[in-house]
2 protein chains.
Amino acid sequence: MSSHTPGFELPLRLLLAFRTLIEELHAELARQGHPDLRPMHGFVMQAIGPGGTTAVELGRTLGVSKQAAGKTIDTLERVGYVERTTDPRDSRRKIVRLTPYGLDALDRSARIFDALRARWAADLGEDRLQALESDLRRMTPGSLWRLDTPGWFGNL
Amino acid sequence: MSSHTPGFELPLRLLLAFRTLIEELHAELARQGHPDLRPMHGFVMQAIGPGGTTAVELGRTLGVSKQAAGKTIDTLERVGYVERTTDPRDSRRKIVRLTPYGLDALDRSARIFDALRARWAADLGEDRLQALESDLRRMTPGSLWRLDTPGWFGNL
DNA sequence: ACACGATAGACAACCTGGTTAACTATTTAG
DNA sequence: CTAAATAGTTAACCAGGTTGTCTATCGTGT
């Protein structure tokens, strides 16, 4: 009966696996000229996308307050990954766009993530990895970006 | 060739899956009389264990500074999950022990995690879930508790 | 026996990434 | 043309981390 894995291992392994991937990503990004990029910056830039966005919108897609989104944009702007321009058609809005440097980071991230996935595929077998991904997809909500996370996992 | 899942989905799904489980756990814990328990409290209590520990030791097993461990213990103490008693054999040390309330929370957490795992098993099939667990085990470091995490995922 | 180094804990100052609340400036709707 | 809604900023706060410093106690070597 209780030859089963204890239930608490699953979430821990999921978190550990996540952290491991992220650490590897950022180690590699640092090597490739992006030493100041933090994990959350990557996520936020993904969420901004090549099309640009605004603070309110970003907050909504990320599931945090507009103020939090604003602060994050501030720091991204300070490090040179995004820039703000005011919308000509609505002078309340400020459009946040990735800079070329930001796009470069995003690009490299995508490639590194692919490489990491390839490493998993090599270790586990492509079929097995696909099963894993499909199982996770099945057990998680569809929306990839609303991580909804105070601190990206943080509180609550 | 590139019919593959983009690499960035994997980490996201891992995080999402983790968060989903944790949210379900805490929703259920709240229902069962532990509305103030935060995710990290659960982890820390697991790490403390029934035997008790000290701040320095806890910091080591969690991979954070002793000061951070101390602060966490403070808040756990305030909410009534742990208590500090000074070690009679070494008056520098203060032994942190789970209170009955804390033990109850830990207990319920374990049961809820088992139930959640059972739900996954029902959805995916026990064999498939075991494959998933074993794959994750393979791709992650052995030490479950050293989450090493500023904010449990937070920064860096 | 005792001084000295190592250890446990506490405290302070600071960082990040969240939160609410309050305020300004603009746009849109009635 | 006024009133409500919306975008952004600022401020005060919280949690959980960091480092650095300080005190008290323990253990060891001469």
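Remember, predicted model here, so these are calculated numbers, not experimental data.
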J.: For residues 71-103 of chain B, which residue pairs qualify under ring pair (Phe, Tyr, Trp, His ring centres under 6.0 Å), counting only residues two or more places apart or in two chains?
T.: B/H34-B/Y81, B/H34-B/Y101, B/Y81-B/Y101
J.: Could you tell me how far apart A/D74 (CG) and C/dC15 (C1') are, to the nearest whole angstrom?
T.: 15 Å
J.: State which of D/dG17, C/dG9, C/dG17 makes the closest approach to the side chain of A/M40.
T.: C/dG17
J.: Any ion pair linking B/E9 and A/R117 (charged N to carboxylate O, less than 4.0 Å)?
T.: no
J.: Could you tell me the separation between the CG atom of B/L37 and the P atom of D/dA15, rounded to a whole number of Å?
T.: 15 Å
J.: Rounded at 0.5 Å granularity, tell me how far NZ in A/K66 sits from OG1 in A/T54.
T.: 10.5 Å
J.: Could you give the distance from CG (B/L129) to CG (A/L10), rounded to the nearest 0.5 Å?
T.: 6.0 Å
J.: May I have the distance from A/I95 (atom CD1) to D/dA7 (atom C1'), rounded to whole angstrom?
T.: 12 Å
J.: Identify whether B/V44 and B/V79 are in the same connected component of the hydrophobic contact network (ILVMFWY, side-chain heavy atoms under 4.5 Å).
T.: yes
J.: Please state how far atom CD in A/E57 lies from atom C1' in D/dA7, giving the value in whole angstrom units.
T.: 12 Å
J.: Listing time: all N or O pairs from protein to nucleotides 19-22 of chain D that are below 3.5 Å?
T.:
unit_1, atom_1, unit_2, atom_2, d
D/dG20, O6, B/Q67, NE2, 2.4

J.: Is a salt bridge present between B/E57 and B/R93, judged by a nitrogen-to-oxygen distance below 4.0 Å?
T.: yes
J.: When you check the gap from the basic side-chain N to the acidic O, do B/D74 and B/R78 get nearer than 4.0 Å?
T.: no
J.: Under 4.0 Å between a side-chain N/O of A/T72 and OP1 or OP2 of C/dT16, yes or no?
T.: no
J.: What is the distance, rounded to the nearest whole Å, between atom NZ of B/K71 and atom P of C/dT16?
T.: 14 Å
J.: Could you grab the distance from atom CD1 of B/I95 to atom OG1 of B/T85, nearest 0.5 Å is fine?
T.: 5.0 Å
J.: Taking NZ, NE, NH1 and NH2 as the nitrogens, is one of them in B/D123 or A/R138 under 4.0 Å from a carboxylate oxygen of the other?
T.: no
J.: To the nearest Å, give me how far apart CG (A/L76) and P (C/dT16) are.
T.: 13 Å
J.: When you measure from every atom of DNA chain C, which of residues 77-94 of chain B have a heavy atom less than 4.0 Å away?
T.: B/R84, B/R92, B/R93, B/K94
